[in-house]
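Accompanying notes for the structure given below.
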Amino acid sequence: MGPSTSDLLDLDSLLSDDELLVREKVRDYTVQRIKPNIAHWYEAAEFPREIVPELGELGVLGMHLDGYGCPGRTAVEYGLAAMELEAGDSGIRTFVSVQGSLAMTAIHKWGSEEQKEQWLPRMAAGELIGCFALTEPSAGSDPSSMATSARQTADGWVLDGAKRWIGLASIADVMVVWARTEDGIRGFLVPSGTPGVHVVPIEPKLSMRASIQCDVKFDGVKLGPDAILPGVSGLRGPFSCLNEARYGIAWGAMGAARDSYEAALEYAGTRMQFGRPLASYQLTQEKLVNMLLEIQKGTLLALHLGRLKDAGRLEPQQISLGKLNNVREALAIAREARTILGGNGVTMDYSPLRHANNLESVRTYEGTDEVHTLILGQHITGIGAFRG
Ligand code: TGC
């Protein structure tokens with residue numbers, strides 16, 4: 001049998017047996033565990049916490065990290081997993097990104113040996129949840145303007161300030177908090193239950209409903225001297241973690257796009273109008289073909305980024321290219337798929353509008369379209385246009 005209609009170019013032939021195996025395992029999990037339940041979780045605005053240990057068992061938490069109980073898989077394997085999970089829902093892939101690419105990566109890259117031993121094995125197993133607190137109410141695209149501060153005292157540190165849009169904060173066992181110090185921006189590990197930390201989920205939301213994002217306030221929070229991540233000072237610390245998450249998003253978005261396309265293709269084949277299936281109309285075929293073009297190109301792009309990453313050659317501006325392009329195209333595909341579904345496309349029975357709503361958040365977090373455009377603009381012209 002030739003390649004499937006979702007993989008016209010036979011991109012699967014570019015994957016190794018191990019990569020295909022990882023992909024199939026995560027795809028099976030998504031089909032059996034996420035897809036049958038996602039409409040309910042989304043409608044109820046519920047993050048299914050019970051799946052966290054299952055994701056640990058599946059080997060997708062801190063998937064690309066080595067040692068400390070982490071799975072130690074390749075960048076391509078991690079990307080394929082992100083793609084399959086986001087074919088289920090962006091909120092589920094977001095959990096995996098926040099836990100693995102952001103919180104665990106920060107500890108793995110910049111933590112002390114004790115911090116790594118304390119947190120990483122149980123986070124990889126899905127026994128503990130982490131979050132990553134960078135964005136603030138008035139510092140989104142520009143984290144260099146953050147106001148949250150950590151003041152050194154005789155006993156350690158005192159943290160004051162506020163963060164916003166922090167994924168998983170209300171259920172996190174540990175927060176990675178970035179704060180301004182006399183020594184520049186530093187990372188701190190704040191365990192749940194620390195006095196002075198106040199977390200409030202942001203709701204109701206029209207996007208990412210099966211995920212949690214929170215406001216967090218730090219009011220004179222006392223931390224020990226060993227709360228600081230010793231390995232990094234400056235924005236390089238959080239940005240190096242964002243690179244990992246943005247890379248995963250370039251893959252994940254193509255999962256949401258593929259699921260939207262497949263839903264529209266199946267519907268078009270069975271839905272009769274004017275005595276013929278929708279798929280027999282030229283206007284429908286053009287929509288389906290345009291979706292497939294972008295899915296194939298975007299998947300090939302993500303795979304190329306993954307191969308560069310595994311070779312240790314992936315540059316931040318290349319990640320920006322992937323994140324910008326693939327999320328933008330995925331959003332257009334999800335919206336176009338919804339048009340084929342007609343009125344039925346606005347019900348929870350079909351995935352494309354849910355994907356489109358989620359992708360509005362995905363295009364905004366981890367660097368907006370505008371930020372990635374300007375990162376690329378700076379790279380090609382040599383002139384930074386972020387500041388006036
Ligand atoms: P700039 O002066 O260029 O750089 C400051 C320092 O950082 C280094 N750096 C990087 N290092 C590693 N990877 C990268 N991609 C890096 N980009 C910059 C740089 O070398 C420098 O290091 P050093 O040692 O020389 O000091 O910084 P800038 O402020 O001018 O950057 C501008 C801009 C717009 C590119 C940057 O601010 C940016 O990327 N803004 C977007 C911020 C963003 O993505 N926020 C997302 C927040 S996290 C999130 O959304 C979580 S969502 C998940 C959830 O919790 O639900």
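Remember, it's 1-based here, ligands and their atoms both numbered in the order they're listed.
A salt bridge links Arg23 to Asp12: at least one charged side-chain nitrogen sits closer than 4.0 Å to a carboxylate oxygen. Ionic pairing of Arg354 and Asp89 is present here: one or more N-O contacts between side-chain nitrogen and carboxylate oxygen are shorter than 4.0 angstrom. With salt bridges taken as basic N to acidic carboxylate O contacts below 4.0 Å, none links Arg151 and Asp160. Remark: Glu84 engages Arg258 in a salt bridge, criterion side-chain N to carboxylate O under 4.0 Å.
Under a 4.0 angstrom heavy-atom cut-off, Pro143 registers as being in contact with ligand 1.
For atom 30 (O) of ligand 1, a protein heavy-atom neighbour is present inside the 4.0 Å cut-off. Distance check for atom 46 (C) of ligand 1: a protein heavy atom is found below 4.0 Å. By the definition of a contact as any protein heavy atom under 4.0 Å away, atom 26 (O) of ligand 1 is not in contact. Taking a distance limit of 4.0 Å, we find that atom 20 (O) of ligand 1 is approached by no protein heavy atom. Counting protein heavy atoms under 4.0 angstrom from atom 50 (O) of ligand 1 gives one or more. Atom 3 (O) of ligand 1 lies below 4.0 Å from none of the non-hydrogen atoms of the protein.
Taking only non-hydrogen atoms, the option from Phe132, Phe239, Phe386 nearest to atom 7 (O) of ligand 1 is Phe239. Nearest to atom 56 (O) of ligand 1 by heavy-atom distance, out of Gly167, Cys214, Gly367, Ala245, is Gly167. Heavy-atom proximity to atom 14 (C) of ligand 1, evaluated over Ile249, Leu242, Val232, Asn243, is greatest for Asn243.
At the top of the distance list for atom 22 (O) of ligand 1, counting protein heavy atoms only, stands Arg236 CB, 4.2 Å. Of all protein heavy atoms, the one lying nearest to atom 53 (C) of ligand 1 is Val98 CG2, 3.6 Å. When only non-hydrogen protein atoms are considered, atom 5 (C) of ligand 1 lies nearest to Leu235 CB, 4.0 Å. Protein heavy atom closest to atom 41 (C) of ligand 1, with residue, atom name and distance, is Ser141 O, 3.4 Å.
For a threshold of 3.5 Å applied to N or O pairs, the pair formed by Glu366 and ligand 1 contains at least one separation below that value. For ligand 1, one of its N or O atoms has an N or O atom of Arg387 under 3.5 Å away. Between Arg246 and ligand 1, at least one pair of N/O atoms sits closer than 3.5 Å. Polar contact check, Thr135 against ligand 1: no nitrogen or oxygen pair lies under 3.5 Å apart. Where the criterion is an N or O separation shorter than 3.5 Å, residue side chain and backbone included, Pro316 fails it with respect to ligand 1. Ligand 1 has no nitrogen or oxygen under 3.5 angstrom from a nitrogen or oxygen of Tyr365.
The minimum heavy-atom distance linking Ala256 with Ser260 is given by the pair O-OG, 2.9 Å. Of all heavy-atom pairs spanning Glu366 and Ile249, the tightest one is CG-CD1, 3.3 Å. Pro137 approaches Arg164 most closely through the heavy-atom pair N-CB, 3.8 Å. The two atoms that bring Asn326 and Gly298 nearest to each other are ND2-O, 3.0 Å, heavy atoms only. Looking at every heavy atom in both residues, Gly275 comes nearest to Met272 through O-CE, 3.5 Å.
Looking at heavy atoms from C-beta onward, Phe386 lies in side-chain contact with Gln378 at the 4.5 angstrom threshold.
The number of heavy-atom neighbours closer than 6.0 Å to NZ of Lys35, taken from other residues, nucleotides and ligands shown, is above 12.
Proximity of Gln317 to ligand 1, defined as any heavy-atom pair under 4.0 Å, is not found for any part of the residue. Counting heavy atoms closer than 4.0 Å to ligand 1, residue Leu374 contributes nothing at all. Heavy atoms of Ile375 found under 4.0 angstrom from ligand 1 belong exclusively to the side chain.
Evaluated for a ring-ring contact (aromatic ring centres under 6.0 Å, His included) with Phe188, the options Trp178, Trp157, Phe132 yield exactly one hit, Trp157.
With hydrogens and angles left out, the side-chain atoms of Thr339 and Lys287 include a donor and acceptor closer than 3.5 Å.
Geometrically, Arg276 engages Tyr281 in a cation-pi contact defined by less than 6.0 Å to the ring centre and at most 45° from the axis.
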